[in-house]
Amino acid sequence: MRLERGQVLAFFAVALPVVLLPVAAYSVDAAVVALRAAGLQAATAEAAETAAQQLNIDAIRSGGGLALDTTAAKLVASKALTDEEPGAVVDTASVSGVDVKLVTSESLTMPFSLLSGPITLRARATARLVAGYDSPSSFLPLPSSTF
């Protein structure tokens with residue numbers, strides 16, 4: 001009995017790192033992917049909103065109503081995306097009327113790469129130019145009885 005007392009401790013000293021280290025590495029990889037995917041999605045949405053602000057002035061002047069400048073919208077979307085996420089690229093950018101649709105991607109190398117090599121993250125966003133303005137605030141700096 002006396003010779004078997006430390007065998008369980010030795011087993012756990014060898015077995016726990018073999019089990020826990022891959023789990024910890026997978027957790028770090030998963031956290032990095034989630035963080036980068038959220039960043040790519042936010043950058044894609046912001047790029048789409050920025051692109052949706054590029055008015056086609058010729059269409060407005062000719063009485064054709066609101067329309068987007070397709071070339072300017074695509075250029076601005078690409079620049080806005082690379083400003084926010086330098087490793088991201090615009091896969092497709094389509095402009096139809098007042099709608100902008102972006103599909104972006106980014107290649108990501110995992111810190112530990114236990115299960116796979118580099119992965120590709122993808123994001124989609126749509127933005128629309130809408131005529132009008134937000135309603136004015138009802139919280140005036142002065143009481144309404146002074147007007």
Side-chain angles (χ1 to χ4, degrees), residues 1-62 64-141:
M1 265 271 204
R2 198 167 254 258
L3 297 175
E4 297 178 2
R5 285 181 98 177
Q7 287 183 0
V8 171
L9 181 61
F11 172 75
F12 279 111
V14 171
L16 283 181
V18 170
V19 173
L20 290 181
L21 287 178
V23 170
Y26 178 76
S27 299
V28 170
D29 284 349
V32 167
V33 168
L35 181 67
R36 300 300 297 146
L40 179 63
Q41 182 62 44
T44 303
E46 186 167 334
E49 289 175 5
T50 303
Q53 297 173 5
Q54 305 307 309
L55 289 173
N56 185 346
I57 302 300
D58 293 334
I60 294 172
R61 287 182 180 161
S62 67
L66 287 178
L68 295 176
D69 183 355
T70 304
T71 306
K74 289 179 181 180
L75 288 174
V76 167
S78 179
K79 181 171 179 353
L81 181 69
T82 55
D83 286 348
E84 289 290 319
E85 291 287 330
V89 294
V90 176
D91 292 334
T92 60
S94 63
V95 178
S96 62
V98 293
D99 292 333
V100 175
K101 295 179 183 177
L102 289 180
V103 177
T104 61
S105 65
E106 181 177 7
S107 181
L108 178 64
T109 303
M110 306 298 283
F112 294 106
S113 301
L114 287 179
L115 300 177
S116 67
I119 62 169
T120 302
L121 301 175
R122 299 196 188 284
R124 298 174 187 269
T126 303
R128 173 178 287 173
L129 175 66
V130 178
Y133 65 93
D134 291 338
S135 61
S137 174
S138 62
F139 300 110
L140 298 173

One pair to check against side chain to side chain contact (heavy atoms under 4.5 Å, CB included): Met110 and Val33. What are the steps and the verdict? CA-CA 8 Å; Met110 306 298 283; Val33 168; 3.2 Å; yes

Hey, mind stepping through Leu81 and Thr104 against side chain to side chain contact (heavy atoms under 4.5 Å, CB included) and telling me if it holds? CA-CA 9 Å; Leu81 181 69; Thr104 61; 3.4 Å; yes

For a side chain to side chain contact (heavy atoms under 4.5 Å, CB included) check, start with the C-alpha distance between Ser105 and Val89, then their side-chain angles and the critical distance, and finish with the verdict. CA-CA 6 Å; Ser105 65; Val89 294; 3.5 Å; yes

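The salt bridge (Lys or Arg N to Asp or Glu O under 4.0 Å) contacts involving residues 42-59 comprise nothing, where partners must be two or more places apart or lie in separate chains. Under the salt bridge (Lys or Arg N to Asp or Glu O under 4.0 Å) criterion, the residue pairs touching residues 94-104 are Asp99-Arg128, with sequence neighbours excluded. For residues 69-81, the side-chain hydrogen bond (donor to acceptor under 3.5 Å, both in side chains) pairs, not counting sequence neighbours, are Lys79-Asp83.
The shortest heavy-atom contact between Leu102 and Ala48 is CD1-N, 3.4 Å. The heavy-atom pair separating Leu68 from Leu129 by the smallest distance is CD2-CD2, 3.8 Å. Annotation for Gly65 and Ile60: closest pair O-CG1, 3.7 Å, computed over non-hydrogen atoms.
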Could you tabulate the donor-acceptor pairs under 3.5 Å formed by side-chain atoms of residues 118-125, not counting sequence neighbours?
residue : atom : partner : partner atom : Å
Arg122  : NH1  : Asp91   : OD2          : 3.3

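Not counting sequence neighbours, the partners of Pro17 by the side-chain contact (heavy atoms from CB on, under 4.5 Å) test are Leu21. Considering only residues two or more places apart in sequence or on other chains, Glu85 meets the salt bridge (charged side-chain N to carboxylate O under 4.0 Å, His left out) condition with Arg36. Applying the side-chain contact (heavy atoms from CB on, under 4.5 Å) test to Ile57 and every residue at least two apart in sequence or in another chain returns Leu55, Arg61. Every residue two or more places apart in sequence or in another chain that forms a side-chain contact (heavy atoms from CB on, under 4.5 Å) with Leu20 is listed here: Leu16. Judged as a side-chain contact (heavy atoms from CB on, under 4.5 Å), and not counting sequence neighbours, the contacts of Ala59 are Asn56, Ala67.
A donor-acceptor distance shorter than 3.5 angstrom exists from the side chain of Gln54 to the backbone of Thr50, with no hydrogens or angles considered.
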